2 protein chains.
Amino acid sequence: MKLSTRSKYGLRALLDMAAHVDDGAVTLKELAKRNNIPVKFLEQIFLALRNAGVVRSRVGAQGGYHLARLPKEITLGEVIRVLDGTIAPVGCVSQIAYEPCTCPDMETCALRAAMNRVRDAIVGVVDTMSLADALAQTKTRTRRNGRSD
Amino acid sequence: MKLSTRSKYGLRALLDMAAHVDDGAVTLKELAKRNNIPVKFLEQIFLALRNAGVVRSRVGAQGGYHLARLPKEITLGEVIRVLDGTIAPVGCVSQIAYEPCTCPDMETCALRAAMNRVRDAIVGVVDTMSLADALAQTKTRTRRNGRSD
DNA sequence: AGGAATCCCTACTAATTCCGTGGGAATTGT
DNA sequence: ACAATTCCCACGGAATTAGTAGGGATTCCT
């Protein structure tokens, strides 16, 4: 159930941008340095984010990136979908990246039904949590809730 | 956020066993055939499940596997942990397979806080859903609920 | 105008993870 | 004895993903 490094980096950088949203545009170089991310890899990631309309860019000297919308209008789910292509734990429950599985009978597949619920649980979090929400939560002290793993 | 094929196969096979729990022991060969899984791969998977106390085995002719507990006493979460080692979407929020991430400051990492909630959401489903629950849900007609991806 | 900074794009390599296979030993029922 | 089966570990290869290389286009500054 791992999140790709690609999405991890992308989210980390975007959260940083959201935190410094008042400072105007920021360069990849700066973003990469601040967040411990290889510049060239981040470049690739931001290309995708730009094409998806999550960030906007300005080329040339004094150029850089800025968020295309307010932090509260960008959800984690949107970003993950852009960077990973899907969120669903198995292909057979994904709408945007559906792929049939090899189970003998998909209609009565108990695993599929269960994974549907898992997907809903994940989506329920990431699609309702914006960059702003994520930042706010951290500021008010991360309270752990005990569930293991 | 993908579930490994390993866990997928393991769960599929266990659900099958749970559905036929009254038939006594079943061989890997049979399980593999019924569920479209490569025998040798399934063998590996069941070795792990056996060591973890999820199934019990009997060697020799007329041997086979059977569940170590009732279907309602085996959760999906337990199985996934055995087969994948962890459930958490990122290493830095896993208790049983913790791994520090490369973010500049872990204490104030907004992504970590967010992923904590995702993990809780996933765990909330898989740790409360037993093999029996998963089967029951399918029998009562899988009702889709619309969330996309 | 020239140079420096920066994004844009594609292709490639490297690393890792994961799926699946092989072969043989031990055990048990017929 | 023989056949069926679990047990065990190691290995090969495929696929995915992380990260790199390099050059082009655009804009700003002096």
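These numbers come from a predicted model, not from an experiment. Sequence lines set the chain letters: A, B, ... in the order given, protein chains first and strands last, and positions in each chain run from 1.
- Distance A/Leu49 CG to C/dC8 P: 12 Å, rounded to the nearest Å.
- In this structure, the side chain of A/Arg119 engages the main chain of A/Val93 through a donor-acceptor pair within 3.5 Å.
- Distance NZ (B/Lys40) to C1' (C/dC18): 18 Å, rounded to an integer number of Å.
- Each of A/Gln44 and B/Gly63 has a nearest nucleotide on DNA chain D; the 5'-most of these lies closest to B/Gly63.
- Rounded to an integer number of Å, the gap from NZ of B/Lys8 to C1' of C/dC18 is 12 Å.
- Once rounded to the nearest 0.5 Å, the distance linking CG of A/Asp120 with CE of A/Met115 reads 11.5 Å.
- Computed from coordinates, the A/Arg50 CZ to C/dT10 P distance equals 11 Å when rounded to whole Å.
- Looking at heavy atoms from C-beta onward, A/Val21 lies in side-chain contact with A/Pro71 at the 4.5 angstrom threshold.
- Going from atom CZ of A/Phe41 over to atom C1' of C/dA14 covers 13 Å, rounded to whole Å.
- When the nearest nucleotides of DNA chain D are assigned to B/Phe46 and A/Arg6 by heavy-atom distance, the more 5′-ward of the two goes with B/Phe46.
- The pair A/Arg81-A/Glu78 fails the salt-bridge criterion, with no side-chain N (NZ, NE, NH1 or NH2) lying under 4.0 Å from an Asp/Glu carboxylate O.
- Distances shorter than 4.0 Å separate some side-chain N or O of B/Tyr9 from OP1 or OP2 on C/dG20.
- Ion pairing between a basic and an acidic side chain is recognised when a charged N comes within 4.0 Å of a carboxylate O; B/Asp133 and A/Arg117 show no such pairing.
- In terms of position along DNA chain C, the nucleotide closest to A/Lys29 lies nearer the 5' end than the nucleotide closest to the other residue of the pair B/Val39 and A/Lys29.
- Side chain of A/Thr138 to backbone of A/Ala134: a donor-acceptor contact under 3.5 angstrom is found.
- No side-chain heavy atom of B/His66 sits under 4.5 Å from any side-chain heavy atom of B/Arg58.
- Following rounding to the nearest Å, B/Lys2 (NZ) and C/dT17 (C1') show an atom-to-atom distance of 10 Å.
- A straight line from CG of A/Leu47 to C1' of C/dA11 spans 13 Å, rounded to a whole angstrom.
- Boundaries of the chain A contact region on DNA chain D are D/dA18 to D/dC29, first to last in 5' to 3' order (nucleotide atom under 4.0 Å from a heavy atom).
- Rounded to an integer number of Å, the gap from B/Leu42 CG to C/dC19 P is 13 Å.
- At the phosphate of C/dC8, OP1 or OP2 sits under 4.0 Å from a side-chain N or O atom of A/Ser57.
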